[in-house]
Amino acid sequence: MSVEYNPKIIGFLCNWCSFAGADMAGTSRISYPPNIRIVRLPCSGRVDPVIIMRAFREGADGVLVAGCHPGDCHYTEGNYYTRRRFAVLHNFLSYMGLERERLRLEWVSASEGRKFAQVINEMTEEVRKLGPRRKSVEQRAGNP
């Protein structure tokens with residue numbers, strides 16, 4: 001009997017939209033894999049790339065950053081900063097030897113519980129196909 005690999009996914013969710021969308025999925029009883037650990041933040045613009053890399057270093061197989069749709073940020077332009085940081089960080093992952101599919105950025109509003117569940121399902125399957133990370137980020141960078 002083989003045990004199915006369940007990837008560890010960390011989700012950094014904006015309080016106003018994405019976290020509320022996750023809550024909507026839960027209250028609507030829409031199922032999604034239980035392997036995501038949610039970190040609730042005031043805004044997706046508060047997600048520092050260093051935090052994302054630390055999540056990978058500490059053993060996360062995948063990281064989701066989710067925020068308000070562009071133009072709907074409660075802090076005016078936080079999600080625009082997120083989008084710019086994400087583009088740079090996505091390229092940095094390749095440099096660090098991590099597959100780009102392990103990091104995902106999504107816009108999920110408070111009323112999109114079904115979309116939140118769909119994103120988690122898709123990401124879990126994508127990361128499951130990639131398999132567990134074999135080496136830490138520091139080892140891939142050549143640090144002991």
(request) Can you see which heavy atom on Asp61 is nearest to which on Pro7, and at what distance? (result) OD2-CA, 3.4 Å
(message) Side-chain heavy atoms nearer than 4.5 Å, only ILVMFWY residues, links allowed to pass through others: does that put Leu64 and Val39 together?
(response) no
(message) Starting from Leu105, can I reach Phe12 by hopping between I/L/V/M/F/W/Y residues whose side chains sit under 4.5 Å apart?
(response) yes
(request) Test side chain to side chain contact (heavy atoms under 4.5 Å, CB included) on Arg102 and Arg133 and set out the steps. (result) CA-CA 10 Å; Arg102 292 188 185 275; Arg133 292 187 316 102; 3.5 Å; yes
(message) Can you confirm whether more than 12 heavy atoms, excluding those of Arg54, are under 6.0 Å from its CZ atom?
(response) no
(message) Which heavy atom of Gly59 sits nearest to which heavy atom of Lys8, and what is that distance?
(response) O-CD, 3.8 Å
(message) For a 4.5 angstrom cut-off between non-hydrogen side-chain atoms, does Leu13 reach Arg40?
(response) no
(message) Parallel, tilted or perpendicular: which one describes the rings of Phe116 and Tyr32, with boundaries at 30° and 60°?
(response) perpendicular
(message) Under a 3.5 Å distance rule, please check whether Asn121 uses its side chain to pair with a backbone N or O of Ala117 as donor and acceptor.
(response) yes
(message) If you define the side chain from C-beta out and look only at heavy atoms, does anything of Asn79 sit under 4.5 Å from His69?
(response) no
(message) Applying a strict under-4.5 Å side-chain criterion to I, L, V, M, F, W and Y, I'd like to know whether Phe56 and Val127 cluster together.
(response) no
(message) Determine whether a donor-acceptor pair (N or O, by modelled atom type, separation under 3.5 Å) exists between the side chain of Arg85 and the backbone of Gly45.
(response) yes
(message) Taking the side chain as everything from C-beta on, heavy atoms only, tell me whether Trp107 gets closer than 4.5 Å to Asp72.
(response) no
(request) Kindly compute the distance separating NZ (Lys115) from CD1 (Ile30), expressed to the nearest 0.5 Å. (result) 13.5 Å
(message) Just verifying a value: how many Å separate Ile9 CD1 and Glu126 CD, rounded to the nearest 0.5 Å?
(response) 9.5 Å
(request) Ignoring hydrogens and angles, tell me if any N or O in the side chain of Ser28 forms a donor-acceptor pair with the backbone of Ala25 under 3.5 Å. (result) no
(request) Taking His74 for its side chain and Cys43 for its backbone only, find out whether a donor-acceptor pair lies under 3.5 Å. (result) no
(request) Answer with yes or no whether the hydrophobic clustering places Leu130 together with Leu98; edges join I, L, V, M, F, W, Y residues whose side-chain heavy atoms lie under 4.5 Å apart. (result) no
(message) Please tell me whether Ile120 and Ile10 are part of a single hydrophobic cluster in this structure, the criterion being side-chain heavy atoms less than 4.5 Å apart.
(response) no
(message) Looking at every heavy atom in both Pro42 and Trp16, which two are closest together, and how far apart are they?
(response) O-CD1, 3.3 Å
(message) Among Glu77, Arg83, Arg84, which residue satisfies the side-chain hydrogen bond (donor to acceptor under 3.5 Å, both in side chains) criterion with Tyr81?
(response) Glu77
(request) Would you confirm whether Thr82, through its side chain, and Ser44, through its main-chain N or O, come within 3.5 Å as a donor-acceptor pair? (result) yes
(message) For Phe92, give me all partners under ring pair (Phe, Tyr, Trp, His ring centres under 6.0 Å), at least two apart in sequence or on another chain.
(response) Tyr95
(request) Please round to the nearest 0.5 Å and tell me the distance separating atom CD1 of Ile36 and atom CG of Asn6. (result) 13.0 Å
(message) Are Val108 and Cys17 packed together at the side-chain level, in the sense that at least one heavy-atom pair is separated by less than 4.5 angstrom?
(response) no
(message) More than 12 heavy atoms of other residues, nucleotides or ligands under 6.0 Å from CZ of Arg128: yes or no?
(response) yes
(request) Mind listing the closest non-hydrogen atom pair of Ala20 and Ala110 along with its distance? (result) CB-CB, 3.5 Å
(request) Answer yes when Glu101 and Lys129 have at least one side-chain N-carboxylate O distance shorter than 4.0 Å, and no when they do not. (result) no
(message) Distance check, rounded to the nearest 0.5 Å: Leu89 atom CG versus Leu103 atom CG?
(response) 5.5 Å
(message) Using the rule given for side chain to side chain contact (heavy atoms under 4.5 Å, CB included), can you reason through Tyr5 versus Asn35, listing the C-alpha separation, both sets of side-chain angles and the distance that settles it, and then say yes or no?
(response) CA-CA 10 Å; Tyr5 162 64; Asn35 56 318; over 6 Å; no
